[in-house]
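Have a look at the structure below, then the notes.
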Amino acid sequence: MKRLFGTDGMRGEAGIFPLDDSTIATAGSSLALRLKRKLGRQPLIIIGRDTRESGEWIEQALIAGINNTGAKSKSAGVITTPGIAYLTRSLPADAGIVISASHNPYRDNGLKIFAPSGRKLDEQTERLIEADIYSEREKAGHATRPITAATTGAAQAAELRGRYLDFLANEIGGGLSLRNLRLVLDCANGAASQLAPELFERLNAQVTPINNNPNGQNINLNCGSLHTETLKQAVLKQSADLGIAFDGDADRALFVDRNGQLVNGDGTLWVLANYLQSRNELTDATVVATVMSNIGLELALKDAGIRLVRTDVGDKYVLEELQRLGATLGGEQSGHIIFPDLSLAGDGMITALSLLRVMTAEGKALDELAQGLRTFPQILVNVVVKTKRPFAELDTVQEVAREVERELGSEGRLLLRYSGTEPLARIMIEGKTQEEINSQAARLADVIQRTLGVNTAR
């Protein structure tokens with residue numbers, strides 16, 4: 001049986017299996033029934049979505065599936081992914097479902113399911129839901145079945161969104177005044193389009209929102225955290241103190257300083273780690289990041305007496321390591337930052353509020369706070385492969401890899417891994433000069449091609 005749930009939920013093109021309406025309804029009813037058996041009562045499930053045009057009919061199919069079991073559901077309408085994680089934890093609800101494909105184009109969509117703790121659903125339950133989906137699909141002969149549309153209450157949705165905004169403004173932003181700060185918010189025409197401007201205006205910032213007019217098809221389109229050029233220009237034009245770029249479901253945030261320079265997740269971790277360390281609030285002087293974080297972050301943190309612990313790519317793995325270590329700060333280069341004491345889900349607005357708290361407390365601009373972090377040149381190369389044999393078994397590849405690592409020494413880093421979804425070997429090298437690492441990557445790509453019998457690289 002093919003796995004439908006990955007590290008970030010179930011995702012694909014809307015309208016095509018597994019994101020057709022009958023399969024979505026089955027997922028909703030399966031989750032509700034599994035929870036009912038576990039709890040011995042009818043569960044309550046919270047649902048929210050981003051701004052994709054497919055979001056409404058997917059929500060209706062989900063609610064129909066849940067309601068058919070006798071379970072209760074509440075819709076928060078358009079809300080961020082971490083907003084649903086918060087509501088699931090705080091109401092409390094027995095599960096939360098987010099309809100979103102995060103930073104993907106509008107044609108895609110997906111389901112992320114949260115447990116009452118606010119963390120993503122356990123893998124065992126996901127596998128049970130998958131089994132139910134395939135069982136129903138076999139019964140129907142792979143045909144879809146009609147779904148009766150379910151209605152959602154606008155007043156209820158507004159109340160739920162209000163609870164989340166109150167949490168952000170009062171608990172996360174409590175005591176924080178952004179008066180006289182000029183902010184440009186790139187909402188990616190996504191879930192933060194209404195929520196983010198309202199939040200920062202409540203904290204008295206001077207807000208200029210951009211890309212906050214979703215039409216169902218423009219989510220992430222040349223905007224948001226994947227495309228920051230427009231935000232950079234707007235920050236300079238407005239003489240703003242800070243630009244904030246969210247992605248489609250606002251679980252991540254990137255920043256643009258007053259000079260129009262991008263500060264990614266590594267830069268954000270650097271600023272937050274120094275601040276927390278200075279206040280003795282960085283547990284065991286440890287930060288958790290992934291293998292993709294630049295070696296410059298690791299070396300800068302080391303000089304500051306802070307240890308960097310790396311995980312595989314994915315916020316799921318960052319969270320697991322944070323909880324294992326009892327650490328207080330972790331994240332990804334993409335801007336997905338996790339503060340486990342505040343939320344077990346990455347939240348772009350919590351990240352932004354936390355960074356603004358550092359700026360106001362220190363009385364410094366972001367470019368000043370980010371000083372001391374040197375980003376090393378980096379190259380990423382994908383090599384098409386026929387098979388994914390462990391690199392440790394490839395003697396010729398290992399020989400070249402060892403040569404490259406000797407050349408890099410302590411001021412460089414090599415990472416070889418396979419894509420989890422494509423027939424690709426990924427080469428990542430960081431070093432002192434772009435010319436040097438380009439040459440090293442080309443040598444490695446060539447030997448991988450020859451070893452695995454492939455003639456094409458991309």
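The side-chain contact (heavy atoms from CB on, under 4.5 Å) test with Gln217 is passed by exactly one of Ile219, Leu221, Asn215: Asn215. Applying side-chain contact (heavy atoms from CB on, under 4.5 Å) to Leu356 and the options Leu178, Leu203, Thr351 leaves one that passes, Leu178. For the salt bridge (Lys or Arg N to Asp or Glu O under 4.0 Å) with Arg34, the qualifying choice from Asp132, Asp94, Asp122 is Asp132, the only one to do so.
Salt bridge status for Lys112 with Asp249: present, with a side-chain N to carboxylate O gap under 4.0 Å. Between Arg402 and Glu405 no salt bridge is recorded (no basic side-chain N to carboxylate O distance below 4.0 Å). We find that Asp315 and Arg252 are not joined by a salt bridge, their nearest charged nitrogen and carboxylate oxygen being 4.0 Å or further apart. Salt-bridge check for Arg443 with Glu407: passed, with a basic side-chain N closer than 4.0 Å to an acidic carboxylate O. In this structure, Glu298 does not pair ionically with Lys302, as no charged nitrogen and carboxylate oxygen lie closer than 4.0 Å.
Between Leu452 atom CG and Lys386 atom NZ the span is 10.0 Å, to the nearest 0.5 Å. Separation of atoms CG (Asn109) and CH2 (Trp57) is listed at 8.0 Å; rounding is to 0.5 Å. Taking CD1 of Ile45 as the start and OG of Ser73 as the end, the distance is 7.5 Å to the nearest 0.5 Å. Atom CG of Leu236 is separated from atom CD of Gln261 by 8.5 Å, given to the nearest 0.5 angstrom.
For the pair Arg137 and Phe17, the cation-pi test (distance below 6.0 Å, angle within 45°) is passed.
Judged by distance alone, with hydrogens and angles left aside, the side-chain atoms of Arg49 form no donor-acceptor pair with the main-chain N or O of Val98 at under 3.5 Å.
Residue Gln277 qualifies as enclosed at atom CD: its count of foreign heavy atoms under 6.0 Å is above 12.
Within the 4.5 Å cutoff, the side chain of Val381 has no heavy atoms near those of the Arg426 side chain. For the pair Asn220 and Phe246, the minimum side-chain heavy-atom distance is 4.5 Å or more.
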Can you list the steps and then say if Asn211 with Asp186 is a side chain to side chain donor-acceptor pair (under 3.5 Å)?
CA-CA 6 Å; Asn211 299 309; Asp186 187 338; 3.1 Å; yes

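Applying the ring pair (Phe, Tyr, Trp, His ring centres under 6.0 Å) definition to pairs two or more places apart or across chains, those involving residues 376-414 are Phe391-Tyr418.
For the residue pair Arg119 / Gln323, a side-chain donor-acceptor distance below 3.5 Å is found, with atom types taken as modelled. For the residue pair Thr451/Thr396, the side-chain donor-acceptor check at 3.5 Å is satisfied.
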